[in-house]
Colleague: 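Below is a structure I'd like to ask you about.
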Amino acid sequence: MASGFDNLLDALKQSGMNVDNIGGGSDDEPAAASASSEGVGDSGSGSGSGRSSRSRGDMPFGGAGFPFTAFGGGRGNGGDGGRSNGGDEPPTIEFASQLGDRMASWSKRTIVVAVIVAIIIILAAYWWFHPPISINSVDTWVFVTIFILLPCFLFFRGRSRRYETGDSKLDPSPGKSKSFKVLSFVPVIILALGLVGWVASLDLFPGNAKKYAEVLQTDTMTFAEDIQEVNYSQVPVIDRDSAILLGNREMGTIPDYVSQFEIDPLYSQINYQGAPVRVSPLGYADLFKWFTNRGEGIPAYALVNMTTQDAEIVRLGEGNGMKYTASEPLARNIDRYIQLKYPFYIFDEKSFEIDEDGQPWWICPVRKYTIGLFGGETIDHVVMCNASTGECQELSLADVPQWVDRVYPAELLIRQYNWSGRYQQGWFNSWLGQSGVVQTTPGTNGSLGYNYIAKDDDVWVYTGVTSATADNSIVGFVLVDQRTAESHYYAVAGATEASAMESAEGQVQNLRYISTFPLLINVSNQPTYFMALKDAAGLVKKFAMIDIQRYQNVAVGDTVAECQKNYETLLATNGTISTEDIGSSATFGEANGTIRTMAQAVIEGNSHFYVTLEGDDAIYDFVLPGAIQIVGYTVGDDIAFTFVENEPTNTVSEITSGTVKQKVEASKAEEEAASSSASAAAASASSSSAASAASPESAASASASAISAATES
């Protein structure tokens with residue numbers, strides 16, 4: 001009596017599957033399954049569906065005219081097409097062949113049942129994976145290929161072979177075989193159309209380079225005119241990693257939340273009530289916590305002020321919990337909910353924001369493609385979803401509310417700018433000559449190098465712009481508004497962000513602090529990198545400012561105000577700005593006395609006179625050309641001046657009085673008096689000339705008076 005395993009092997013053999021290598025075979029194998037190969041070569045036909053060895057033409061991926069013939073493995077010696085069982089056929093293709101044969105042998109009833117089951121599986125897969133129904137979506141093409149095109153191809157191809165050769169249940173039918181063979185090419189043609197659309201999206205396709213260059217329009221601006229002087233109430237002093245630490249620390253102070261929820265790592269940066277903040281919703285800690293809390297939803301979100309470093313967990317009112325979030329596993333999952341509600345839209349990276357009243361929203365930008373099927377992506381419009389109620393609003397870009405900050409994802413904007421920088425003079429130039437080709441600066445650890453700044457109540461993406469060779473210097477930088485995609489370029493040569501970070505870390509190398517990615521700010525009309533310096537625990541310990549154009553000018557301080565004071569004094573010391581341009585953060589003083597010592601030095605091309613006074617231990621720095629009068633003083637002269645307090649030297653802003661100053665002022669007074677007397681004498685002589693025409697005596701008298709006046713002067 002045959003064992004259950006033998007019966008299973010027999011059933012598999014009769015279905016057409018090759019099982020000769022399983023369990024060493026069977027002596028009572030049916031004749032149809034043990035017949036030798038007839039070696040029909042490349043004819044694409046076979047003599048049976050259950051042979052122990054097949055010719056090349058028998059394989060579903062090896063028939064004549066099929067594009068994947070090269071993947072079928074090697075042929076037997078002599079070119080007869082025969083090979084031993086299992087030969088060189090790749091396992092995946094062999095499995096597909098066997099699957100196609102099984103599908104082709106199904107009865108009509110089995111086919112109907114299989115179609116119904118397939119539809120159910122496809123619908124379930126669509127609900128779970130929720131790809132957009134769009135010809136422009138790569139996800140859609142992958143989904144359709146796996147769940148529809150490939151099964152249809154295998155079925156039609158297997159059916160064609162079955163009618164071509166016939167079997168115990170079907171007689172050969174060349175007509176039906178040809179019909180199914182034609183149908184098998186339909187999935188291939190559809191997939192080929194997708195490939196054509198992909199090729200039409202490539203930058204090398206004729207005319208596409210110009211289209212890519214025009215996706216983002218950038219205006220060239222002047223830095224000092226467009227970027228206002230720094231307002232530290234709008235400058236983030238911490239980065240996202242520090243915000244996460246602060247948020248998690250605050251979350252730990254609420255025991256009832258810690259046991260049920262955790263903070264989502266999203267942390268979107270937005271402007272909220274005039275200050276830059278990062279916000280992130282809470283999420284269910286696990287599946288059981290979701291089951292017990294889903295009725296009320298998520299009760300709060302985290303908010304971290306990026307300037308004050310204050311963190312709080314903002315509680316929503318009772319009944320206002322967020323029911324549509326990323327931590328929802330089923331129908332209320334925000335990605336699934338939005339995609340199924342708008343099945344024909346392709347959504348880009350969503351963001352979590354709050355309006356001016358603190359109500360949480362999901363901002364879901366809708367992507368469109370402008371070049372071929374998959375190229376030139378940009379944002380077409382926006383869907384806003386209330387995180388508490390699920391209410392959605394579909395808005396054009398012009399109708400997006402002012403409080404919304406993140407419509408265009410940062411990485412999309414950087415990619416668009418790189419297109420314009422690379423293809424502005426054509427595709428060939430982008431690879432060969434590379435004249436005028438620029439790109440955004442790379443970041444650290446393989447990530448893109450960008451940051452955010454607040455400007456005009458919007459969040460702008462900042463990144464440096466460097467040459468095509470990506471050296472350690474920038475040719476300028478670009479700011480792009482995330483709400484409107486307004487783009488501004490500023491031509492400022494200087495150091496890259498990575499170089500600035502290394503320079504700042506070098507100032508505190510003994511402390512081993514790590515620099516955050518720089519922000520761009522305007523200090524005394526100078527483009528400046530601003531960054532925080534963090535310890536190994538991720539806590540901010542110091543701040544640094546670096547002159548972009550002269551990145552050796554580095555100032556460090558324990559507070560932002562101290563850092564600015566040190567930085568402005570450093571700029572004044574190096575002659576970059578005048579002492580009059582130093583802001584209100586600096587402390588001014590007055591000094592007077594007799595010069596005790598005087599020394600001259602040249603630092604980075606600027607002349608400095610270092611002076612000490614009798615009875616005063618401080619060192620005063622007179623920077624030329626601002627304090628040019630110091631060249632007239634020597635040791636022993638009296639002097640009085642104003643200065644800016646700093647360490648280790650005080651920067652002199654103005655000489656107010658002293659021995660040399662008094663001599664210069666007296667000389668100026670004498671020159672002015674002489675000039676006045678000469679003018680009076682000339683006027684008197686002119687009067688005398690006029691009088692001489694009427695009377696010689698009067699002229700002689702006037703001349704004598706003029707000579708006398710000139711002599712006296």
Side-chain angles (χ1 to χ4, degrees), residues 230-255 257-258 261-272 275-283 300-314 352 443-454 459 462 497-521 523 528-546 554-567 585 647:
V230 60
N231 180 0
Y232 290 106
S233 65
Q234 298 180 350
V235 174
V237 299
I238 57 175
D239 60 0
R240 178 176 176 272
D241 292 338
S242 297
I244 292 175
L245 288 176
L246 295 173
N248 290 340
R249 180 185 300 172
E250 184 66 20
M251 184 70 175
T253 64
I254 309 177
Y257 281 4
V258 172
F261 307 99
E262 57 188 14
I263 301 179
D264 191 292
L266 186 60
Y267 278 95
S268 303
Q269 181 169 327
I270 63 173
N271 283 338
Y272 176 60
V277 301
R278 284 191 180 267
V279 290
S280 193
L282 304 188
Y301 57 83
L303 186 148
V304 180
N305 190 303
M306 303 291 285
T307 58
T308 64
Q309 304 185 51
D310 294 330
E312 61 177 318
I313 303 298
V314 180
F352 179 79
T444 57
N445 300 325
S447 60
L448 290 176
Y450 65 90
N451 213 327
Y452 306 100
I453 67 172
V459 174
Y462 153 78
E497 296 91 340
S499 298
M501 293 169 66
E502 294 175 356
S503 183
E505 292 170 356
Q507 293 292 108
V508 290
Q509 58 183 341
N510 58 312
L511 301 174
R512 297 184 180 179
Y513 290 163
I514 302 299
S515 171
T516 61
F517 194 84
L519 286 171
L520 174 70
I521 61 175
V523 179
T528 301
Y529 286 134
F530 172 78
M531 60 205 75
L533 297 170
K534 303 189 297 183
D535 61 13
L539 301 177
V540 175
K541 295 298 185 181
K542 288 181 179 292
F543 302 95
M545 290 184 184
I546 299 178
V554 184
V556 177
D558 293 332
T559 64
V560 176
E562 180 184 352
C563 182
Q564 181 190 6
K565 170 186 170 182
N566 295 339
Y567 178 68
S585 62
E647 292 292 339

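Worth knowing before you read on, the calculation uses all heavy atoms, side chains too, and leaves out hydrogens, waters and symmetry mates. Along the sequence shown, the residues carry numbers beginning at 1.
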Colleague: Rounded to the nearest 0.5 Å, how far does CG of Asp310 lie from CG of Leu303?
Modeller: 10.0 Å
Colleague: Work out which heavy atom in Val304 is nearest to a heavy atom in Ala311; give both atom names and the distance.
Modeller: CG2-CB, 4.0 Å
Colleague: Using the ring of each side chain (for Trp, its six-membered ring), is Phe517 parallel, tilted or perpendicular to Tyr462, with breaks at 30° and 60°?
Modeller: tilted
Colleague: In Å and rounded to the nearest 0.5 Å, what is the OH to CZ distance from Tyr301 to Phe261?
Modeller: 15.5 Å
Colleague: Between side-chain atoms of residues 508-516 and protein atoms elsewhere (two or more places apart, or another chain), which donor-acceptor pairs fall under 3.5 Å?
Modeller:
residue, atom, partner, partner atom, Å
Thr516, OG1, Ala532, N, 3.1
Thr516, OG1, Ala532, O, 3.4

Colleague: Say you draw a straight line from SG of Cys563 to NZ of Lys565; how long is it, rounded to the nearest 0.5 Å?
Modeller: 12.5 Å
Colleague: Residues in side-chain hydrogen bond (donor to acceptor under 3.5 Å, both in side chains) with Tyr272, at least two apart?
Modeller: none
Colleague: Listed by chain and number, what are the side chain to side chain contact (heavy atoms under 4.5 Å, CB included) partners of Thr307, not counting sequence neighbours?
Modeller: Pro276, Asn305
Colleague: Among residues at least two apart in sequence or on other chains, which ones pass ring pair (Phe, Tyr, Trp, His ring centres under 6.0 Å) with Phe352?
Modeller: Trp362
Colleague: Suppose we screen for side chain to side chain contact (heavy atoms under 4.5 Å, CB included). Which residues come up paired with Glu562, at least two apart in sequence or across chains?
Modeller: Asp558, Thr559, Asn566
Colleague: Test of understanding: with side chain to side chain contact (heavy atoms under 4.5 Å, CB included), list the residues that count as partners of Ala498, not counting sequence neighbours.
Modeller: Thr496
Colleague: List the residues meeting side-chain hydrogen bond (donor to acceptor under 3.5 Å, both in side chains) with Ser503, not counting sequence neighbours, and say none if there are none.
Modeller: none
Colleague: For Ala454, give me all partners under side chain to side chain contact (heavy atoms under 4.5 Å, CB included), at least two apart in sequence or on another chain.
Modeller: Gln234, Asn271
Colleague: Side-chain atoms of residues 238-255: list all donor-acceptor pairs with protein atoms under 3.5 Å, sequence neighbours left out, distances to 0.1 Å.
Modeller:
residue, atom, partner, partner atom, Å
Asp239, OD1, Ser242, N, 3.1
Asp239, OD1, Ser242, OG, 3.0
Asp239, OD1, Lys534, NZ, 3.3
Asp239, OD2, Lys534, NZ, 3.2
Arg240, NH2, Pro265, O, 2.3
Ser242, OG, Gly538, O, 3.4
Asn248, ND2, Ile244, O, 3.3
Thr253, OG1, Glu250, O, 2.5

Colleague: Determine whether Val235 and Ile521 make a side-chain contact, defined as any pair of heavy atoms from C-beta on separated by less than 4.5 Å.
Modeller: yes
Colleague: Return the set of residues passing ring pair (Phe, Tyr, Trp, His ring centres under 6.0 Å) with Tyr452 (not counting sequence neighbours), or none when no residue passes.
Modeller: Tyr450
Colleague: Between OG of Ser280 and CG of Leu266, what distance do you get to the nearest 0.5 Å?
Modeller: 5.0 Å
Colleague: To the nearest 0.5 Å, how far apart are CD in Gln507 and CD1 in Ile546?
Modeller: 8.0 Å
Colleague: Would you give the length of the straight line joining atom CE of Met306 to atom CZ of Arg278, rounded to the nearest 0.5 angstrom?
Modeller: 4.5 Å
